[in-house]
J.: 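This is the structure I want to talk about, given as structure tokens.
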Amino acid sequence: MRALLPLLSVGRGWRVGAAARPPRRVMSLYRTEELGHPRSQDYRLFFKHVAGHYISPFHDIPLKADCKEEHDIPRKKARNDEYKNLFNMVVEIPRWTNAKMEIATEEPLNPIKQDIKNGKLRYTPNIFPHKGYIWNYGALPQTWEDPHLRDKSTDCCGDNDPIDVCEIGSKVLSRGDVVHVKILGTLALIDQSETDWKIIAINVNDPEAEKFHDIDDVKKFKPGYLEATLNWFRLYKVPDGKPENKFAFNGEFKNKAFALEVINSAHERWKEMVMKKCDKGAISCVNVHICDSPFHCTMEEARSLVESVPTPSMNKESNAEEVWHFLPN
């Protein structure tokens, strides 16, 4: 039986029993559980539904922030035509941090782990004058950039990952947060001849969210941010001895309508993958909520998968820490 130590994640976090009372928050549908030491190769951040069972953040969290499924979570009022453009984002890397965290696409239930390069934990270098990632960085669940499908607009195949998201709001989010975002636009990075879309979005609960509806609003209300984003992606691999990255469309940011087409296409490819209608390669499609998927597993099987995960750096019985994520009122 794991010793689960609840952690209320608000700002820097509130532990059960803390002397100060945390601000009132509305609980999300998801929470996380850490296994292993942070900054170690065996660290894993697993996701759980609020009902208590383990899930995959890649496959079981819906792409759309569906008001029917998430009706108990209030969000700031959006314009009517924007409700259909609200998406779930899984936060992998909080702003201003350097550890290269990512959804482990090839592991069952796809926990978040730190990327490893040449046998060492990967940290993204600072790109002057910035510290770490300059946005909250994460992924759109239930999307897949198919490495076997050539993108008509970039003439390159996908990078075999969920679509990346750069969340530009004013708040620093936490690893494992699942937030509702408005899509504003996209940038097409070409990484080693693969298409690696970077979606520009903003947390719908951000204090500034009501001002942002399309990519031109980023230029208007955050002047220089898109230029800094382009420069960051161009240079972030140079300190490792690699050449500057290239972009489709000469580095032009495409608008919301274009970005939504990219997302919808990646969602359709994900559907084919999780239904075993295409070559998924080494990706693990184990899921709990997609009942007609050939990769579906029961809640009990999902728990067994997590319990079988080795944590060599520390006894797992004393190293499970549960994190509760909250959405602001």
Side-chain angles (χ1 to χ4, degrees), residues 58 63 85 87 89-90 92-93 100 102-103 105 115 124-125 127 130 133-168 181-202 212-220 222-273 278-279 281 283:
F58 189 1
L63 171 61
N85 295 328
F87 293 80
M89 171 191 176
V90 178
E92 298 165 310
I93 307 172
K100 181 66 172 70
E102 61 185 13
I103 290 174
T105 59
D115 189 24
T124 299
I127 303 301
H130 309 292
Y133 284 72
I134 65 175
W135 344 256
N136 295 297
Y137 194 74
L140 292 180
Q142 297 189 344
T143 62
W144 180 48
E145 297 191 65
D146 189 344
H148 308 292
L149 180 66
R150 189 171 296 276
D151 190 292
K152 294 180 181 178
S153 58
T154 66
D155 199 35
C156 293
C157 294
D159 71 346
N160 204 31
D161 282 325
I163 290 184
D164 297 323
V165 186
C166 302
E167 194 281 320
I168 66 169
V181 296
K182 295 199 297 186
I183 304 302
L184 304 175
T186 189
L187 175 69
L189 172 66
I190 305 301
D191 187 355
Q192 298 179 344
S193 300
E194 295 177 336
T195 303
D196 188 3
W197 292 104
K198 307 298 182 183
I199 299 296
I200 308 300
I202 189 167
F212 293 86
H213 308 292
D214 212 319
I215 198 68
D216 286 341
D217 294 318
V218 183
K219 301 174 185 177
K220 179 179 179 180
K222 289 183 179 286
Y225 206 166
L226 295 182
E227 291 81 358
T229 295
L230 185 68
N231 193 55
W232 195 97
F233 280 120
R234 177 184 289 116
L235 298 176
Y236 82 103
K237 291 187 176 181
V238 172
D240 293 329
K242 294 185 177 181
E244 294 184 2
N245 278 323
K246 305 296 182 182
F247 304 90
F249 314 112
N250 294 319
E252 175 191 355
F253 285 83
K254 308 303 283 186
N255 64 15
K256 176 176 69 175
F258 189 101
L260 292 175
E261 290 183 6
V262 168
I263 294 169
N264 290 335
S265 176
H267 182 52
E268 292 302 315
R269 297 306 295 168
W270 169 83
K271 286 180 182 178
E272 294 191 12
M273 176 179 66
C278 64
D279 180 10
I283 288 181

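Owing to the predicted nature of the structure, the values given are computational and were not obtained by experimental measurement. Scope of the values below: all heavy atoms of this structure, side chains included, with no hydrogens, waters or symmetry mates.
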J.: Do Trp270 and Pro162 have side chains that get closer than 4.5 Å, going by heavy atoms?
T.: no

J.: When rounded to the nearest 0.5 angstrom, what is the spacing between CG in Asp164 and OG1 in Thr143?
T.: 8.5 Å

J.: What distance separates Ile199 CD1 from Met89 CE, expressed to the nearest 0.5 Å?
T.: 11.0 Å

J.: Once you measure the plane-to-plane angle for Trp135 and Phe233, does it fall in the parallel (<30°), tilted (30-60°) or perpendicular (>60°) bin?
T.: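 Judged by the thresholds at 30° and 60°, the geometry between Trp135 and Phe233 is parallel.
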
J.: Please report the closest heavy-atom contact between Ile163 and Ile263, naming both atoms and the distance.
T.: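 Taking Ile163 first and Ile263 second, the nearest heavy atoms are CD1-CA, 4.0 Å.
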
J.: Hey, does Ile168 have a side-chain heavy atom less than 4.5 Å from the side chain of Leu184?
T.: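 Leu184 reaches Ile168 side chain to side chain.
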
J.: Testing the basics here: between Glu167 and Val181, what is the closest heavy-atom pair and its distance to 0.1 Å?
T.: CG-CG1, 4.2 Å

J.: Quick one: sort the Trp197 and Phe258 rings into parallel, tilted or perpendicular, breaks at 30° and 60°.
T.: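 Rings of Trp197 and Phe258: tilted, as their planes differ by 30° to 60°.
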
J.: Does the side chain of Phe253 come within less than 4.5 Å of Thr229's, by heavy atoms?
T.: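 Touching, per the 4.5 Å side-chain cut-off.
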
J.: I want to check something: taking the side chain as every heavy atom from C-beta on, are Phe247 and Arg234 in contact at a cut-off of under 4.5 Å?
T.: yes

J.: Which heavy atom in Ala248 sits nearest to a heavy atom in Thr154, and how many Å separate them?
T.: CB-CG2, 3.8 Å

J.: Supply the atom-to-atom distance Ile215 CD1 to Glu252 CD, rounded to the nearest 0.5 angstrom.
T.: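 If I round to the nearest 0.5 Å, the distance is 10.0 Å.
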
J.: Do the non-hydrogen side-chain atoms of Asp146 and Glu272 ever get within less than 4.5 Å of each other?
T.: no

J.: May I ask you to check whether Trp144 and Asn160 show a side-chain donor-acceptor distance below 3.5 Å?
T.: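 Yes, side-chain donor-acceptor contact under 3.5 Å.
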
J.: Any chance the side chains of Tyr137 and Lys198 put a donor and an acceptor closer than 3.5 Å?
T.: yes

J.: Is it the case that the side chain of Glu92 and the backbone of Ile103 share a donor-acceptor pair, with hydrogens and angles ignored and the cut-off at 3.5 Å?
T.: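 Between the backbone of Ile103 and the side chain of Glu92 there is a qualifying donor-acceptor contact (under 3.5 Å).
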
J.: How long is the span from the CG atom in Asp196 to the CG atom in Asn245, to the nearest 0.5 Å?
T.: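 Asp196 atom CG to Asn245 atom CG measures 8.5 Å (nearest 0.5 Å).
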
J.: Any sub-3.5 Å donor-acceptor pair from Asp217's side-chain atoms to Asp214's backbone N or O?
T.: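 The answer is yes, because a donor-acceptor pair under 3.5 Å joins these two groups.
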
J.: Could you walk me through whether Phe87 and Leu260 pass the side chain to side chain contact (heavy atoms under 4.5 Å, CB included) test, one step at a time?
T.: CA-CA 10 Å; Phe87 293 80; Leu260 292 175; 3.6 Å; yes

J.: Could you tell me whether a side-chain N or O of Asn231 sits under 3.5 Å from a main-chain N or O of Glu227, the two making a donor and an acceptor?
T.: no

J.: For the CD1 atom of Ile200 and the NZ atom of Lys256, what is their distance to the nearest 0.5 Å?
T.: 14.5 Å

J.: Can you tell me how far CG of Asp151 sits from SG of Cys157, rounded to the nearest 0.5 angstrom?
T.: 9.0 Å

J.: Determine the sole option in Lys246, Lys242, Lys237 for which the side-chain hydrogen bond (donor to acceptor under 3.5 Å, both in side chains) test with Asp191 is passed.
T.: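 Result for side-chain hydrogen bond (donor to acceptor under 3.5 Å, both in side chains) with Asp191: Lys237.
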
J.: Search all heavy atoms of Val90 against all heavy atoms of Pro141 and return the closest pair with its distance.
T.: CG2-CD, 4.3 Å

J.: Examine distances only and state if a side-chain atom of Asp159 and a backbone atom of Asp161 form a donor-acceptor pair shorter than 3.5 Å.
T.: yes

J.: Would Asp216 and Lys219 count as a salt bridge (Lys or Arg N to Asp or Glu O under 4.0 Å) here? Give the steps.
T.: CA-CA 5 Å; Asp216 286 341; Lys219 301 174 185 177; 3.4 Å; yes

J.: What closest approach, in Å, do Glu145 and Thr195 show between heavy atoms, and which atom pair accounts for it?
T.: OE1-O, 3.0 Å

J.: Mark yes or no for whether Gln142, through its side chain, and Leu63, through its backbone, hold a donor-acceptor pair below 3.5 Å.
T.: yes

J.: Can you tell if the side chain of Cys166 reaches within under 4.5 Å of the side chain of Ile134, non-hydrogen atoms only?
T.: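 The answer is no; the side chains never approach within 4.5 Å.
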
J.: Can you tell me if Asp279 uses its side chain to pair, donor with acceptor, with the backbone of Gly281 under 3.5 Å?
T.: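 Indeed, once roles are kept as given, a pair shorter than 3.5 Å links the two residues.
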
J.: Report yes if some heavy atom in the side chain of Glu194 is under 4.5 Å from a heavy atom in the side chain of Cys156; otherwise report no.
T.: no

J.: Validate the cation-pi geometry between Lys222 and Tyr225: distance from NZ or CZ to the six-membered ring centre under 6.0 Å, angle to the ring axis within 45°.
T.: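 Geometry flag: not set, cation outside 6.0 Å or 45°.
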
